[in-house]
Amino acid sequence: MNLLAALRAHRLLAIVRGSDPDAALSTVLTLVEEGVTLIEVSLSGRDALDVIARARAALGADAVLGAGTVLTSDDARAARKAGAAFLVTPAVSDSITTGRELGLPVLAGVMTPTDILQARRLGADALKLFPAGSVGGPGYLRDLRGPFPDLPFVPVGGVDAAAAADYLRAGATAVGVGSPLIGDAAAGGDRTALRERARAFLDVVRTQARP
């Protein structure tokens with residue numbers, strides 16, 4: 001799959017990290033029903049590989065479903081076996097190289113200019129600015145786009161609906177959103193509220209001008 005094209009098209013990456021595997025699966029399926037089609041299941045969630053496998057079986061081969069919190073080469077291989085179509089890392093690591101070797105695109109976690117250069121050299125398709133809210137928010141993204149004007153950044157960490165709009169205006173290719181979107185749904189919480197939040201985030205990303 002072309003991860004960069006998907007990020008540019010959808011602009012919203014939902015991050016599902018669940019303590020209840022059945023609820024996490026239900027969360028993925030509910031998001032897709034609401035039109036959130038770019039979804040990452042974090043490997044730090046309970047039985048995450050099984051959640052990915054079950055979601056893949058339910059959604060089919062064309063679903064844009066990936067694995068997040070991919071820390072090691074073994075994680076990358078296990079995620080691919082489970083059915084992940086792309087990988088997301090929290091940092092620059094060997095999992096980027098392994099993902100590329102496996103034919104999987106990688107959204108690599110970066111924080112500094114040095115991280116950015118290393119991730120690109122290893123073959124990262126796009127750059128996850130993490131934790132975005134803690135390192136300066138949209139202002140920091142604007143600063144990074146000075147020396148790196150053409151690189152695809154996806155801010156993650158503390159991105160609520162208002163911040164999502166700010167990041168997109170600052171030139172983000174897409175935004176990655178966990179708890180502000182998922183809430184308690186992946187732990188068995190209210191799916192009606194999840195649907196409402198999904199619609200609100202989709203409204204935000206659809207109304208922002210593209211860089």
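Quick caveat: nothing in here was measured; it's all calculated off a predicted structure.
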message = Less than 4.5 Å apart, side chain to side chain, heavy atoms only: is that true for Ile52 and Leu43?
response = yes
note = Scanning both residues in full, the closest heavy-atom pair of Thr98 with Ser73 reads OG1-OG, 2.6 Å
Residues that Ala186 engages under side chain to side chain contact (heavy atoms under 4.5 Å, CB included), provided they are two or more places apart = Val16, Ala24, Thr27, Ile182
inquiry  = If the condition is salt bridge (charged side-chain N to carboxylate O under 4.0 Å, His left out), which residues does Asp190 pass it with, not counting sequence neighbours?
reply    = none
message = Looking at Asp115, is its backbone amide N or carbonyl O close enough to the side chain of Thr112 to form a donor-acceptor pair, meaning the two atoms are under 3.5 Å apart?
response = yes
request  = Hey, could you give me the OG1/CG distance between Thr37 and Leu65, rounded to the nearest 0.5 Å?
outcome  = 11.0 Å
request  = Determine whether Leu127 and Leu122 fall in the same hydrophobic cluster, where Ile, Leu, Val, Met, Phe, Trp and Tyr are linked whenever their side-chain heavy atoms lie under 4.5 Å apart.
outcome  = yes
query = Taking all atoms of both residues into account, what is the closest heavy-atom pair of Leu129 and Tyr140, and its distance?
reply = CD1-CE2, 3.9 Å
request  = Sequence neighbours left out, what passes side chain to side chain contact (heavy atoms under 4.5 Å, CB included) with Pro138? Give chain and number order.
outcome  = Arg142, Asp166, Tyr167, Ala170
remark   = Hits for side chain to side chain donor-acceptor pair (under 3.5 Å) against Arg199, two or more places apart or cross-chain, chain-then-number order -> Glu34
inquiry  = My understanding is that only residues two or more places apart in sequence, or in another chain, count here; which of them pass salt bridge (charged side-chain N to carboxylate O under 4.0 Å, His left out) with Glu196?
reply    = none
remark   = All heavy atoms of Leu49 vs all of Ala78, minimum pair found to be CD2-O, 3.7 Å
Using a 3.5 Å cut-off and no angle test, enumerate the donor-acceptor pairs between side-chain atoms of residues 99-111 and protein atoms at least two apart in sequence or in another chain.
residue: Arg100; atom: NE; partner: Gly123; partner atom: O; Å: 3.4
residue: Arg100; atom: NH1; partner: Asp125; partner atom: OD1; Å: 2.8
residue: Arg100; atom: NH1; partner: Asp125; partner atom: OD2; Å: 3.3

message = Is there a path of hydrophobic side-chain contacts, each under 4.5 Å between heavy atoms, that joins Val205 and Val159?
response = yes
key: Close side-chain approach of Leu4 to Pro152, heavy-atom, < 4.5 Å   = yes
ask   = Which heavy atom in Ser44 sits nearest to a heavy atom in Arg17, and how many Å separate them?
value = OG-NE, 2.7 Å
key: Partners meeting salt bridge (charged side-chain N to carboxylate O under 4.0 Å, His left out) with Asp74 (sequence neighbours left out)   = Arg77
message = Could you check whether any side-chain heavy atom of Leu71 comes within less than 4.5 Å of a side-chain heavy atom of Ser95, counting everything from C-beta outward?
response = no
key: Pairs where residues 56-69 contributes a residue and the test salt bridge (charged side-chain N to carboxylate O under 4.0 Å, His left out) is met, not counting sequence neighbours   = none
message = Among residues at least two apart in sequence or on other chains, which ones pass salt bridge (charged side-chain N to carboxylate O under 4.0 Å, His left out) with Asp50?
response = Arg54
query = Under 6.0 Å from the CZ atom of Arg191, do we count more than 12 heavy atoms belonging to anything else shown?
reply = no
Approximate separation, where rounding is to 0.5 Å, of Leu202 CG and His10 NE2 = 10.5 Å
ask   = Going through the checks in order, is the side chain to side chain contact (heavy atoms under 4.5 Å, CB included) test met by Phe201 and Leu31?
value = CA-CA 11 Å; Phe201 271 97; Leu31 289 168; over 6 Å; no
query = With a 4.5 Å heavy-atom cut-off, do Val51 and Arg46 have their side chains touching?
reply = no
key: Thr89 and Lys128: CA distance, side-chain angles, deciding distance, side chain to side chain contact (heavy atoms under 4.5 Å, CB included) verdict   = CA-CA 8 Å; Thr89 78; Lys128 168 184 167 180; over 6 Å; no
key: Non-neighbouring partners of Asp20 that pass side chain to side chain donor-acceptor pair (under 3.5 Å), sequence neighbours left out   = none
task = Return the minimal non-hydrogen interatomic distance between Ala6 and Met1, and the atom names on each side.
result = CB-CE, 4.0 Å
request  = Only counting residues at least two apart or in another chain, list the ones meeting side chain to side chain donor-acceptor pair (under 3.5 Å) with Arg80.
outcome  = none
task = Group every Ile, Leu, Val, Met, Phe, Trp and Tyr by side-chain heavy-atom contacts under 4.5 Å, then state whether Val135 and Leu144 land in the same group.
result = yes
request  = Taking the side chain as every heavy atom from C-beta outward, state whether Val88 and Phe130 have any pair of such atoms under 4.5 Å apart.
outcome  = no
query = Between Arg11 and Val204, does a side chain to side chain contact (heavy atoms under 4.5 Å, CB included) hold up when you go through it step by step?
reply = CA-CA 10 Å; Arg11 310 196 82 191; Val204 168; over 6 Å; no
ask   = When you look at Phe153 and Ile116, which way does the side chain to side chain contact (heavy atoms under 4.5 Å, CB included) test go after all the steps?
value = CA-CA 10 Å; Phe153 288 100; Ile116 291 165; 3.6 Å; yes
ask   = Can you name the side chain to side chain donor-acceptor pair (under 3.5 Å) partners of Ser134, sequence neighbours left out?
value = none
remark   = Nearest heavy-atom approach of Ala185 to Leu194 is CB-CD2, 3.8 Å
message = Quick check on the hydrophobic clustering: are Leu59 and Leu12 connected, directly or via other members, by side-chain heavy-atom contacts under 4.5 Å?
response = yes
key: Transitive ILVMFWY side-chain link Ile39 to Val156, under 4.5 Å   = no
request  = Answer yes or no: does atom CG of Asp47 have more than 12 heavy-atom neighbours from other residues, nucleotides or ligands under 6.0 Å?
outcome  = yes
